[in-house]
Amino acid sequence: MAEANITVIIKRNYEEVSAEAFRYMKEIVENKKDAILGLATGSTPIGLYKKMIEDHKNNGTSYKDIKTVNLDEYVGLGAESDQSYVYFMHDNLFDHIDINESNVNLPNGKAEDMDKECERYTALLNDMRQDVQLLGIGANGHIGFNEPGTPFDSTTNIVKLKEKTRMDNARFFDGGIDEVPTHAITMGIKNVMNAKSILLIANGENKADAIKAMLEGEVSEECPASILQTHPNVVVIIDDAAASKLTK
Ligand code: GLP
């Protein structure tokens, strides 16, 4: 059973999930012109980002003073690779709104010293507490790239990706699974939990087990997303298919 601090909104389909998530985001951006948005990649947020772009074009909603921090990046990939998350964010959002490039932050997957990069990103996150952290969820309950077993007190870290996660993400790579990097750099769970509010979106039957474990299971490192049960302000927006295994 979801705790009182988690609001669960169930919609009929992906389009409605994206529209509801957009309403939530727009309120933050309108009420706080210099808000810090924690952003996410994956296919799930694309509909939300499309609506933010549309709204920027049609209604002039401005991102001039908005700052962003992204969850994660593949180790070894940078802006020149169309599979990198920095490329994804520009392609799906940043290049189409009036955000200031210097206000955009992602972990650098090509840093020479990855341990130093983890320290740099954690320090940056400590100075930039997210007004909202947007999350998708992996089919195994991962958030960012924090795989099952990640300690809840983790900060930015390098992760060896689970085969399941590499397989799930192989669809984005022309050459299939062999091209999917083996490691990623991700905001840690502690950095996610430091956000003032959390917006998690998911759709499709493939996510139903993870959603059930997150909302109705024990708080356990085996399901990284279950830690959200202990956060004071979480909104979960999912479609019927992702909600299909919930019992309450
Ligand atoms: C990747 C990302 C996650 C994302 C997950 C689900 O592993 N690192 O942040 O939530 O994929 O992706 P999708 O939305 O494509 O199902």
Side-chain angles (χ1 to χ4, degrees), residues 1-11 17-18 20-25 27-28 35-45 48 68-72 122 125-126 128-157 159 162 164-165 168 184 186-248:
M1 175 65 187
E3 305 295 320
N5 57 313
I6 304 188
T7 306
V8 181
I9 301 173
I10 301 173
K11 294 288 177 183
V17 167
S18 302
E20 188 66 28
F22 167 68
R23 272 192 285 279
Y24 184 98
M25 268 298 176
E27 203 177 310
I28 292 183
I36 298 174
L37 308 181
L39 297 178
T41 53
S43 51
T44 313
L48 160 65
T68 67
V69 287
N70 255 81
L71 281 172
D72 48 14
T122 291
L125 292 169
N126 288 339
M128 294 185 69
R129 187 172 178 211
Q130 309 93 310
D131 288 284
V132 61
Q133 177 62 56
L134 174 67
L135 295 175
I137 187 168
N140 61 7
H142 73 244
I143 49 177
F145 266 131
N146 294 286
E147 296 280 26
T150 307
F152 284 149
D153 64 356
S154 62
T155 54
T156 311
N157 64 103
V159 186
K162 302 263 190 221
K164 167 83 180 131
T165 301
D168 284 351
T186 183
M187 199 185 276
I189 293 181
K190 192 172 166 189
N191 307 126
V192 170
M193 290 293 284
N194 192 41
K196 291 180 196 161
S197 69
I198 291 179
L199 171 62
L200 185 143
I201 54 177
N203 67 288
E205 220 184 314
N206 181 38
K207 302 292 171 70
D209 286 324
I211 292 295
K212 183 178 170 60
M214 168 177 87
L215 295 173
E216 296 181 349
E218 296 282 301
V219 176
S220 151
E221 288 173 358
E222 283 319 299
C223 177
S226 66
I227 190 68
L228 301 186
Q229 291 179 27
T230 69
H231 189 283
N233 184 359
V234 181
V235 176
V236 172
I237 306 173
I238 51 181
D239 72 350
D240 282 330
S244 61
K245 295 201 173 155
L246 293 177
T247 51
K248 295 167 191 156

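Quick note: numbers below take in every heavy atom, side chains included, and nothing from hydrogens, waters or symmetry partners.
- Of all the heavy atoms in K162 and E147, the pair that sits closest is N-OE2, 3.0 Å.
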Could you tabulate the donor-acceptor pairs under 3.5 Å formed by side-chain atoms of residues 201-208, not counting sequence neighbours?
unit_1: K207; atom_1: NZ; unit_2: I137; atom_2: O; d: 3.0

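- Nearest heavy-atom pair, P148 versus E222, reported as atom, atom and distance to 0.1 Å: CB-O, 3.3 Å.
- Annotation: side-chain hydrogen bond (donor to acceptor under 3.5 Å, both in side chains) contacts involving residues 192-201, sequence neighbours excluded, comprise Y24-S197, D131-K196.
- Put simply, CG on L199 and CG on L135 are 8.0 Å apart, with the number rounded to the nearest 0.5 Å.
- One distance of note links NZ of K164 with CG of N140; it measures 7.5 Å at 0.5 Å rounding.
- A heavy-atom distance below 4.5 Å is found between the side chains of L71 and Q133.
- Atom-to-atom distance recorded for I6:CD1 and T230:OG1 is 8.5 Å, nearest 0.5 angstrom.
- To the nearest 0.5 Å, atom CD1 of residue I28 and atom CD1 of residue I36 are 12.0 Å apart.
- When each of N191, N146, V192, T150 is tested with T186 by the rule side chain to side chain contact (heavy atoms under 4.5 Å, CB included), just one qualifies, namely N146.
- In this view, P151 and D153, E221 satisfy the side-chain contact (heavy atoms from CB on, under 4.5 Å) rule, not counting sequence neighbours.
- For N157 against T155, the heavy-atom pair with the smallest separation is ND2-O, 2.8 Å.
- Rounding to the nearest 0.5 Å gives a distance of 11.5 Å between CE of M187 and OG of S154.
- Across every non-hydrogen atom of A210 and A139, the tightest pair is CB-O, 3.6 Å.
- Taking the side chain as every heavy atom from C-beta outward, V132 and L37 approach each other to under 4.5 Å.
- Within the 4.5 Å cutoff, side-chain heavy atoms of D209 are placed close to those of K245.
- Expressed to the nearest 0.5 Å, how far OG1 of T7 lies from CG of N233 amounts to 7.5 Å.
- For D72 against G144, the heavy-atom pair with the smallest separation is OD2-C, 3.2 Å.
- Nearest heavy-atom pair across I143 and P224 is CD1-O, 4.0 Å.
- Of the N and O atoms on the side chains of T122 and T156, at least one donor lies less than 3.5 Å from an acceptor on the other residue.
- Not one N or O on the side chain of E20 forms a donor-acceptor pair closer than 3.5 Å with the backbone of I9.
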L228 and V236: side-chain contact (heavy atoms from CB on, under 4.5 Å), yes or no, with the steps? CA-CA 10 Å; L228 301 186; V236 172; 5.6 Å; no
Between D240 and I10, is a side-chain contact (heavy atoms from CB on, under 4.5 Å) present by the stated rule, with each step listed? CA-CA 6 Å; D240 282 330; I10 301 173; 3.4 Å; yes
